[in-house]
Amino acid sequence: DDFILHAALSNPDTPPILVHLLLRLYPDSCRLAVPGSQILPLHITMVTVAPCVFRNFEGKPYKTIPSLVIESYPEAAKVSSRGRLPLHLALLSGKTFREVEATY
């Protein structure tokens with residue numbers, strides 16, 4: 001259960017409402033690194049999460065996934081994994097400034 005958030009963030013089709021729910025159920029999971037690494041959920045978010053497209057049946061739009069994750073553990077933005085901060089990973093994965101600005 002500790003790493004269900006990590007698994008959800010690894011899937012680019014995970015909706016923000018599910019991430020919100022997982023963060024409420026497992027609030028400490030945003031501070032857990034993948035075993036044997038320094039990869040936090042924010043690192044995973046920056047390389048896998050696609051821009052969110054809201055569907056008509058979803059109702060009121062939630063915050064973006066990066067916003068939800070960074071609000072849960074702001075210090076993650078300062079943690080490097082393999083010498084790269086989450087911001088570096090976002091830029092290397094082709095994210096735009098607009099997709100990342102709420103995170104920093």
Side-chain angles (χ1 to χ4, degrees):
D1 291 345
D2 290 339
F3 296 98
I4 194 165
L5 174 66
H6 299 62
L9 294 172
S10 296
N11 180 348
D13 293 325
T14 299
I17 192 169
L18 179 58
V19 173
H20 177 77
L21 176 64
L22 291 172
L23 287 167
R24 301 272 294 190
L25 293 172
Y26 307 101
D28 292 331
S29 64
C30 60
R31 292 173 167 76
L32 296 176
V34 172
S37 75
Q38 291 182 312
I39 299 171
L40 296 169
L42 184 59
H43 295 97
I44 297 168
T45 300
M46 291 298 135
V47 296
T48 60
V49 173
C52 186
V53 175
F54 295 101
R55 296 162 189 94
N56 289 337
F57 62 84
E58 290 180 315
K60 180 182 172 186
Y62 273 76
K63 293 180 179 181
T64 65
I65 291 175
S67 294
L68 291 167
V69 175
I70 195 70
E71 286 175 10
S72 297
Y73 184 44
E75 293 81 16
K78 301 174 189 172
V79 177
S80 67
S81 175
R82 297 182 186 167
R84 295 193 170 134
L85 295 171
L87 177 61
H88 298 136
L89 297 174
L91 296 174
L92 289 169
S93 67
K95 299 235 182 321
T96 65
F97 178 74
R98 186 169 184 191
E99 292 174 273
V100 180
E101 72 179 320
T103 307
Y104 288 90

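- Contact between Ser29 and Leu5 at its shortest, heavy atoms only, is OG-CD2, 3.3 Å.
- Here the side chain of Thr48 pairs a donor or acceptor atom with the backbone of Leu9 at under 3.5 angstrom.
- Note that CD1 of Ile65 and CD1 of Ile17 are 11.5 Å apart. Values are rounded to the nearest 0.5 Å.
- Panel note: side chain Ser93, backbone Met46; a donor-acceptor pair is recorded below 3.5 Å.
- Shown here for Leu85 and Ala77, the closest heavy-atom pair between the two residues is CD2-O, 3.7 Å.
- By the criterion of side-chain heavy atoms lying less than 4.5 angstrom apart, applied directly or through intervening Ile, Leu, Val, Met, Phe, Trp or Tyr residues, Ile70 is grouped together with Val47 in one hydrophobic cluster.
- Linking ILVMFWY side-chain heavy atoms closer than 4.5 Å, directly or via other members, places Val69 and Val79 in two distinct hydrophobic clusters.
- Closest approach of Leu68 to Ser72, counting heavy atoms only: O-OG, 2.9 Å.
- Residues Pro86 and Thr45 fail the side-chain proximity criterion, which asks for heavy atoms closer than 4.5 Å.
- Using a 4.5 Å cut-off between side-chain heavy atoms of Ile, Leu, Val, Met, Phe, Trp and Tyr, with links allowed through other members, Leu21 and Leu42 fall into the same hydrophobic cluster.
- Of all non-hydrogen atoms in His43 and Gln38, the two that sit nearest each other are CE1-O, 3.5 Å.
- Closest approach of Ser37 to Ala33, counting heavy atoms only: O-CB, 3.4 Å.
- The CD atom of Glu71 sits 8.0 Å away from the OG1 atom of Thr64 when rounded to the nearest 0.5 Å.
- The backbone N or O of Ile39 lies less than 3.5 Å from no partner atom in the side chain of His6, so there is not a single donor-acceptor pair.
- Note: Ser80 OG to Leu87 CG = 12.5 Å, rounded to the nearest 0.5 Å.
- The minimum heavy-atom distance linking Tyr73 with Cys30 is given by the pair CD2-O, 3.4 Å.
- Both Ile44 and Leu18 are assigned to one and the same hydrophobic cluster, defined by single-linkage of ILVMFWY side chains at heavy-atom distances under 4.5 Å.
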